[in-house]
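To keep things clear, I will list the structure first and then write my remarks on it.
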Amino acid sequence: NAGVTQTPKFQVLKTGQSMTLQCAQDMNHNSMYWYRQDPGMGLRLIYYSASEGTTDKGEVPNGYNVSRLNKREFSLRLESAAPSQTSVYFCASSELRQGNNSPLHFGNGTRLTVT
Amino acid sequence: TQLLEQSPQFLSIQEGENLTVYCNSSSVFSSLQWYRQEPGEGPVLLVTVVTGGEVKKLKRLTFQFGDARKDSSLHITAAQPGDTGLYLCAGAPKAAGNKLTFGGGTRVLVKP
């Protein structure tokens with residue numbers, strides 16, 4: 001099984017450009033998440049989708065939008081990239097929603113640089 | 001200030017030595033998870049601790065959940081270079097609506 005697949009692996013954007021990060025999981029999980037990881041800050045939740053058809057803001061949602069396209073796919077869009085959005089982005093999925101001890105399964109990340 | 005504070009932030013030891021990583025909070029957690037992340041990859045779950053005072057062992061790794069369910073520790077015995085990585089604790093505090101929160105991570109380097 002591929003697990004959680006993220007594309008692209010690397011991306012460089014200029015300030016103001018837009019892009020969409022793609023994520024797909026093949027484990028039939030109900031919940032999906034987008035995190036960003038910055039040095040010394042751990043992982044911070046941007047948005048999550050507890051189930052198909054629902055999305056909710058996490059800790060740091062400003063400047064991002066998401067779409068839960070179907071049960072497998074959850075995309076993250078940056079409408080107008082800013083240097084503060086330079087980070088490594090991780091998509092994750094879990095069988096159950098957060099708080100139910102359900103482990104998160106992560107993709108290998110997208111390293112984004114905004115100049 | 002993060003809800004989950006990990007210490008130390010960085011640890012460099014020689015192969016064969018022991019190490020302990022701490023995860024502390026002022027909040028009560030229903031459970032805590034520990035993940036390990038290697039360069040260029042996403043975090044991978046090591047263990048989930050659920051009961052206050054619980055101790056779980058995974059080969060040379062020992063995980064403990066505090067009696068009050070506010071803290072946890074990870075102890076590695078006779079560390080090996082393969083233990084090198086970023087260790088992250090994560091928990092869903094009741095005070096935050098059970099949304100999973102990660103600590104800042106402890107970067108461990110085991111030198112041969």
Side-chain angles (χ1 to χ4, degrees), chain A residues 1-10 21 23-25 27 29 31-50 54-61 74 87-111, chain B residues 1-11 21 23-25 27-51 54 56 58 63 65 69 72 85-107:
Chain A
N1 286 341
V4 178
T5 303
Q6 291 183 235
T7 55
K9 291 185 178 181
F10 301 94
L21 281 65
C23 175
Q25 52 93 8
M27 295 171 283
H29 283 170
S31 300
M32 297 185 73
Y33 314 85
W34 278 104
Y35 287 90
R36 60 177 288 172
Q37 185 174 38
D38 303 292
M41 306 276 300
L43 290 152
R44 292 184 292 170
L45 183 64
I46 304 171
Y47 270 94
Y48 67 100
S49 171
T54 68
T55 60
D56 284 290
K57 295 179 180 179
E59 182 184 354
V60 288
F74 189 38
S87 187
V88 182
Y89 291 85
F90 286 97
C91 177
S93 69
S94 65
E95 183 175 4
L96 302 174
R97 56 182 70 197
Q98 293 185 346
N100 286 296
N101 302 331
S102 189
L104 296 182
H105 297 258
F106 286 87
N108 284 333
T110 295
R111 187 174 296 274
Chain B
T1 304
Q2 290 185 294
L3 198 58
L4 278 169
E5 296 284 343
Q6 284 188 241
S7 61
Q9 288 188 328
F10 179 71
L11 203 51
V21 175
C23 176
N24 295 298
S25 177
S27 297
V28 175
F29 292 85
S30 58
S31 65
L32 273 177
Q33 299 175 345
W34 283 93
Y35 291 81
R36 179 168 68 205
Q37 183 180 17
E38 299 188 18
E41 299 182 4
V44 176
L45 181 73
L46 294 173
V47 77
T48 301
V49 286
V50 179
T51 307
E54 181 179 4
K56 277 192 174 179
L58 190 66
F63 303 85
F65 200 13
R69 306 209 312 276
S72 183
L86 179 67
Y87 290 83
L88 295 156
C89 65
K94 295 179 180 179
N98 289 329
K99 288 184 183 176
L100 196 66
T101 299
F102 281 82
T106 296
R107 193 165 296 279

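The analysis underlying the following values was restricted to heavy atoms, covering all of them including side chains, and did not include hydrogens, waters or symmetry mates. A note on names: the letters A, B, ... follow the listed sequences, proteins ahead of strands, and every chain is numbered from 1.
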>> With a 4.5 angstrom heavy-atom cut-off, is it the side chain or the backbone of B:Q33 that approaches chain A, or both, or neither?
In response: side chain
> At their closest point, which heavy atom of B:L45 faces which heavy atom of A:P103, and how far apart are they?
Replying inline: CD2-CB, 3.2 Å
> Would you say the side chain of A:L43 lies within less than 4.5 Å of the side chain of B:Y35, judging by non-hydrogen atoms?
Replying inline: no
>> I'd like to verify something: which residue of B:C89, B:G91, B:G42 has the highest number of heavy-atom pairs under 4.5 Å with chain A?
In response: B:G42
> What distance separates A:Y48 OH from B:L100 CG, expressed to the nearest 0.5 Å?
Replying inline: 11.5 Å
> If you draw a 6.0 Å radius around CZ in B:R36, do more than 12 non-hydrogen atoms from other residues or ligands fall strictly inside?
Replying inline: yes
> Minimum heavy-atom separation for A:F90 to B:Q37, with atom names?
Replying inline: CZ-NE2, 3.2 Å
> By a 4.5 Å heavy-atom criterion (distance strictly below it), what part of B:V44 contacts chain A: side chain, backbone, both, or neither?
Replying inline: neither
> What are the two closest heavy atoms between A:Q37 and B:L86, and how far apart are they?
Replying inline: NE2-CD2, 3.5 Å
